Chemist: 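Encoded as structure tokens, here's the structure I'll be asking about.
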Amino acid sequence: MMRTHRGGELRAEHEGTDVVVCGWVANRRDHGGVIFFDLRDSGGVVQVVVDPVRPGLDLGHRVRGEWVLRVQGTVRPRPEGTVNVDMPTGAIEVAADAIEVLSESEPVPFPLDDRTEVDENLRLRHRYLDLRRDPMQRNLRLRASVNRAVRAAMDEQGFCEVETPMLIASTPEGARDFVVPSRLKPGHFYALPQSPQLFKQLLMVGGFDRYYQLARCLRDEDLRADRQFEFIQLDLEMSFADQDDVLDAVTRAVVAAAAAARPGEEVGTVPRITWHDAMERYGSDKPDIRFGMELVDLTDALAATEFRAFHGVDAVKGIRVAGAGDASRSTVDGLVDRAKQLGAAGLVWMRVRDVDGRIDVESPVAKFLADDERAAIVATLQAEPGDLVLIAAGPRRATCQILGQLRLDLGRPPVSEGLAFCWVVDFPLFEALGDDGRPIPAHHPFTMPHPDDLDRIDTDPLSVRSQAYDLVLNGWELGSGSVRIHRPDVQQRIFSLLGIEPEEAHAKFGFLLDAFRFGAPPHAGFAFGLDRIVAIFAGEENIREVIAFPKTQSGGDPLTGAPSVVGPQQLVELGLRVLPPKT
RNA sequence: GGUCCUGUGGUGCAGUUUGGAGUGCACGCCGCCCUGUCAAGGCGGAGGCCGCGGGUUCAAAUCCCGUCAGGACCGCCA
């Protein structure tokens, strides 16, 4: 037997026990007459005491950081006054009787303690060392417990886990596909799945009325702090289910995940907000509802104003920054610049003041506003002396989004603080009209329109809501889903509206449309990103911190050197020829 | 495709604004000393293509141009 215990799990109750522990030397303190090692294993760190004059133990002087040791010894209480209350194992130590060096180590290229912020490129090049560090150990173990909780929650609700293929046909919709050349059919390619979307709908037709999968998804788009080429989604689909059923099932899964990751932190009921309200109140379709500072509509209050910037515009909206009335001129000028950079024509700021018992505002534009208009602004925003008020005017959507961004700039807490899930429902079916006048789907073309809006689909498509919904946590979009169209006639209407000819539809999605001819159940589904939810649970701003072997922003892996060139023979076999680089 | 930030012994930083000898701090590494430390301590030592290339200059870590790498963001991500 290699070991009897994990050293990091030894406690006072083990006193007197003969143990064998294995691990890495996290630190050594060689006093000459006595040597201490901090031995690290997956359970934590335990102190090993070595008396180097004992036979066989003089090698203790030679031992260095990150050597792998097997230590046989006795667990004993630490002497009076040497207990370390900061360590879980601090009450005891392992008195070594024998030490076996299992593996030596060169000096490591960066410290493995968690006090030092190490260059990320260096961390990734030696990810196997980085993984030894406490934050990575914690994050990946947290991730595993989230996976476990999610699976348990899905199993409990009667979902059946089904794997779907990684090598599939490319469809031109959506993100850029990763493609894989076919050897047996040169000139033909597989695509790696952007999501199991079509397969899970086929599973519904196939009678698996509750499917889920921790699905690996791949999209060849530029990387970000919250986006990698490949990522994991909890993907699910339900037959004979409506939007409420899906929201309920997903809520149970994320609440279970939160309970596993953040025990003792109450998630509560997950609120629902319509897309329209999210845009109006937060200026975003992924509202961070952990804090207030909501957008307030001032259009009506200023309907009669003669102030040019507010006159005759689509919308005037404001936010109240509580207590920021003492912001310096350079600070507010910075906010104006920020707003302009975001596309605003300008930004009006007002310091709310108490003038002889009367609340009024101090602002460069105060003189252009009537007394009752200034009063209306203060009243509508419920502003108080000492507050700063920011007002933007212009096209409604843009104005909301600009103020929404300022709201985040000014008030957003660190992402790790608190857990505020919310559902955003009633998304518009179409995002906008394309250059050809055709509506552009906001989700995907299988999304069921809202039944109340169906009659406007031809006359006023942009006003049509869909049965699509997003899940948001602390202002991060975790995922989205929808009720699907399962009736060929409705699907045909949507396709023709989008300008997709029957032949084209058949070429792209023929297998799904065929399947729907043979008794397709009504179904709905969802998918949310595990990397993102785990990152937030872990208090990380960056999903690379919860992925064992992530890619850099330029899509490379400094550890393995991917992507790399392949040999000519490999290309020949695949029927490929590489073009010379563009000059 | 674009904007911005960063790149200095093994590591983390300062130095760059205002050009003047590779100058400094902390950690690590090597050697010696040391019996209760836990970021051990003391003494001594080694270690540099200032990312790379070009330019300006009497002189460049420092200014300019380009390039590479990492990061943040825009575009992109149905």
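Convention: sequence-line order gives letters A, B, ...; per-chain numbering from 1. Hydrogens, waters and symmetry mates play no part in the numbers below; they use all other heavy atoms, side chains included. Quick caveat, the model's predicted, so the values are computed rather than measured.
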Chemist: Indicate yes or no for a side-chain donor-acceptor contact from A:R532 to the backbone of A:D226 under 3.5 Å, with no hydrogens or angles considered.
Modeler: yes

Chemist: Can you tell me how far C1' of B:C73 sits from CG of A:L223, to the nearest Å?
Modeler: 14 Å

Chemist: Determine yes or no for a side-chain-to-main-chain donor-acceptor pair under 3.5 angstrom, with A:D38 supplying the side chain and A:A26 the backbone.
Modeler: no

Chemist: Identify whether the distance between the nearest side-chain nitrogen and carboxylate oxygen of A:R493 and A:D458 falls below 4.0 Å.
Modeler: yes

Chemist: Given that both distances must come in under 3.5 Å, which nucleotide forms a Watson-Crick or G-U wobble pair with B:U23?
Modeler: B:A14

Chemist: Using a 4.0 Å heavy-atom cut-off across all strands, classify A:R76 as base, sugar-phosphate, or nothing.
Modeler: base

Chemist: Would the base of B:G7 count as contacting A:D119 through its side chain, where contact means a donor and an acceptor less than 3.5 Å apart?
Modeler: no

Chemist: Give a yes-or-no answer on whether the side chains of A:Q405 and A:D409 include a donor-acceptor pair shorter than 3.5 Å.
Modeler: yes

Chemist: Can you tell which of B:C38, B:C34, B:C76 lies closest to the side chain of A:H31?
Modeler: B:C34

Chemist: Where is the tightest heavy-atom contact between A:I35 and A:P52, given as atom of each residue plus distance?
Modeler: CD1-CB, 4.0 Å

Chemist: Determine whether a donor-acceptor pair (N or O, by modelled atom type, separation under 3.5 Å) exists between the side chain of A:R78 and the backbone of A:E93.
Modeler: no

Chemist: Describe the nucleic acid contact of A:E117 in one word from base, sugar-phosphate, nothing, applying a heavy-atom distance below 4.0 Å.
Modeler: sugar-phosphate

Chemist: With respect to A:H523, which candidate in A:Q201, A:R484, A:H486 satisfies the side chain to side chain donor-acceptor pair (under 3.5 Å) definition?
Modeler: A:Q201

Chemist: Can you tell me which nucleotide in B:U37, B:G10, B:C34 comes closest to the side chain of A:D30?
Modeler: B:C34

Chemist: Extract all donor-acceptor atom pairs below 3.5 Å that involve side chains of residues 468-476 of chain A and protein atoms in other chains or at least two apart in sequence.
Modeler:
| from | atom 1 | to | atom 2 | distance (Å) |
| --- | --- | --- | --- | --- |
| A:Y469 | OH | A:S482 | N | 3.4 |
| A:Y469 | OH | A:S482 | O | 3.2 |
| A:Y469 | OH | A:G525 | O | 3.0 |
| A:N474 | OD1 | A:A420 | N | 2.8 |
| A:N474 | ND2 | A:V415 | O | 2.9 |
| A:N474 | ND2 | A:G418 | O | 2.8 |

Chemist: Of all the nucleotides listed (B:G71, B:U11, B:C38), which has the minimum atom distance to the side chain of A:E120?
Modeler: B:G71

Chemist: Looking at RNA chain B, which of residues 552-561 of chain A put a heavy atom within less than 4.0 Å of it?
Modeler: A:T552, A:Q553, A:S554

Chemist: Can you spot which of A:D114, A:D113, A:V108 makes a side chain to side chain contact (heavy atoms under 4.5 Å, CB included) with A:P111?
Modeler: A:D113

Chemist: Using only modelled atom types and a 3.5 angstrom limit, is any donor from either the side chain of A:R227 or the base of B:C77 paired with an acceptor on the other?
Modeler: yes

Chemist: Salt bridge between A:R28 and A:D30, side-chain N to carboxylate O under 4.0 Å?
Modeler: no

Chemist: Mind checking the P distance from B:U57 to B:U62? Whole angstroms is fine.
Modeler: 16 Å

Chemist: In whole angstrom, give me the gap between the C1' atoms of B:G55 and B:A60.
Modeler: 11 Å

Chemist: For B:G10 versus B:U67, give the span between their P atoms, rounded off to a whole number of Å.
Modeler: 28 Å

Chemist: When you check the phosphate oxygens OP1 and OP2 of B:A72, does a side-chain N or O of A:R544 lie under 4.0 Å from one of them?
Modeler: yes

Chemist: Answer with base, sugar-phosphate or nothing: what part of the nucleic acid does A:P109 contact at a heavy-atom distance below 4.0 Å?
Modeler: sugar-phosphate

Chemist: Under 3.5 Å, side chain of A:H14 to main-chain N/O of A:R11, donor-acceptor pair present?
Modeler: yes

Chemist: Just compare B:A69, B:C38, B:G1 and give me whichever is closest to any side-chain atom of A:N121.
Modeler: B:A69

Chemist: Grab the CZ-C1' distance between A:F229 and B:C76 for me, whole Å please.
Modeler: 12 Å

Chemist: Where the side chain of A:A225 is concerned, which of B:A72, B:G10, B:G36 is the nearest nucleotide?
Modeler: B:A72

Chemist: Taking the minimum atom-to-atom distance to the side chain of A:E93, which one of B:U37, B:G71, B:C73 wins?
Modeler: B:U37

Chemist: Can you identify which nucleotide, out of B:G12, B:A69, B:A72, has its nearest atom closest to the A:N542 side chain?
Modeler: B:A72

Chemist: Suppose you measure atom C1' in B:C34 against the same atom in B:G48; what distance do you get, rounded to whole Å?
Modeler: 33 Å

Chemist: Just distance, no hydrogens or angles: give the donor-acceptor pairs under 3.5 Å from side chains in residues 508-515 of chain A, sequence neighbours left out.
Modeler:
| from | atom 1 | to | atom 2 | distance (Å) |
| --- | --- | --- | --- | --- |
| A:K508 | NZ | A:E504 | OE2 | 2.6 |
| A:D514 | OD1 | A:R517 | NH1 | 2.9 |

Chemist: For nucleotides 44-47 of chain B, which of its nitrogen or oxygen atoms have a protein nitrogen or oxygen under 3.5 Å away, and what is each distance?
Modeler:
none

Chemist: Where each residue is assigned the nucleotide of RNA chain B containing its nearest heavy atom, which of A:N84 and A:G32 is assigned the position nearer the 5′ end?
Modeler: A:G32

Chemist: For B:C76, does the base pair up with any side-chain atom of A:D222 as donor and acceptor (N or O, under 3.5 Å, distance only)?
Modeler: no

Chemist: Between A:V34 and A:I440, which is nearer to the 5' end of RNA chain B once each is assigned its nearest nucleotide?
Modeler: A:V34

Chemist: Take atom CD1 of A:I35 and atom C1' of B:G41, then tell me their distance rounded to the nearest Å.
Modeler: 15 Å

Chemist: Taking atom C1' in both B:G28 and B:G12, what distance in whole Å separates the two?
Modeler: 11 Å

Chemist: Is it the case that the side chain of A:R125 and the backbone of A:L559 share a donor-acceptor pair, with hydrogens and angles ignored and the cut-off at 3.5 Å?
Modeler: no

Chemist: Report which part of the nucleic acid A:T82 touches: base, sugar-phosphate, or nothing (heavy-atom distance under 4.0 Å, all strands).
Modeler: base

Chemist: With both distances under 3.5 angstrom, what nucleotide forms a Watson-Crick or G-U wobble pair with B:U62?
Modeler: none

Chemist: Near RNA chain B, counting only heavy atoms under 4.0 Å, which residues of residues 467-478 of chain A show up?
Modeler: none

Chemist: Okay, side chain of A:D177, backbone of A:D220: is any donor-acceptor separation there less than 3.5 Å?
Modeler: no

Chemist: Whether A:E545 and A:R123 form a salt bridge (side-chain N of Lys/Arg under 4.0 Å from carboxylate O of Asp/Glu) is what I want to check.
Modeler: yes

Chemist: Could you tell me the Watson-Crick or G-U partner of B:C4, where both distances fall under 3.5 Å? Say none if there is no partner.
Modeler: B:G71

Chemist: Indicate, with a heavy-atom threshold strictly under 4.0 Å, whether A:L124 touches base, sugar-phosphate, or nothing.
Modeler: nothing

Chemist: Please report the distance separating the P of B:G36 from the corresponding atom of B:G20, rounded so that it comes out in whole Å.
Modeler: 49 Å

Chemist: Sugar-phosphate atoms are those with a prime plus P, OP1 and OP2; base atoms are the rest. Using that split, label each nucleotide of nucleotides 26-31 of chain B B, S or - for protein heavy atoms under 4.0 Å, 5' to 3'.
Modeler: ---SSS

Chemist: Only pairs with both distances under 3.5 Å count, Watson-Crick or wobble alike; so what is the partner of B:G41 in this structure?
Modeler: B:C33

Chemist: To the nearest Å, give me how far apart CD (A:E221) and P (B:C76) are.
Modeler: 10 Å

Chemist: Roughly how far apart, to the nearest Å, are B:C43 and B:C25 at atom P?
Modeler: 14 Å

Chemist: Looking only at N and O atoms, is any donor in the side chain of A:R123 or the base of B:G70 less than 3.5 Å from an acceptor on the other one?
Modeler: no

Chemist: Distance check, C1' atoms only: B:A61 and B:C50, in whole angstrom units.
Modeler: 4 Å

Chemist: Can we say A:R40 and A:E66 salt-bridge, meaning some charged N sits less than 4.0 Å from an Asp/Glu carboxylate O?
Modeler: yes

Chemist: Do A:L497 and A:P439 come close enough that some side-chain heavy atom pair is under 4.5 Å?
Modeler: yes

Chemist: Tell me if a side-chain donor or acceptor on A:D41 pairs with a main-chain N or O of A:G8 at a distance below 3.5 Å.
Modeler: yes

Chemist: Can A:F36 be said to stack with the base of B:U37, given centres closer than 5.5 angstrom and planes under 30 degrees apart?
Modeler: yes

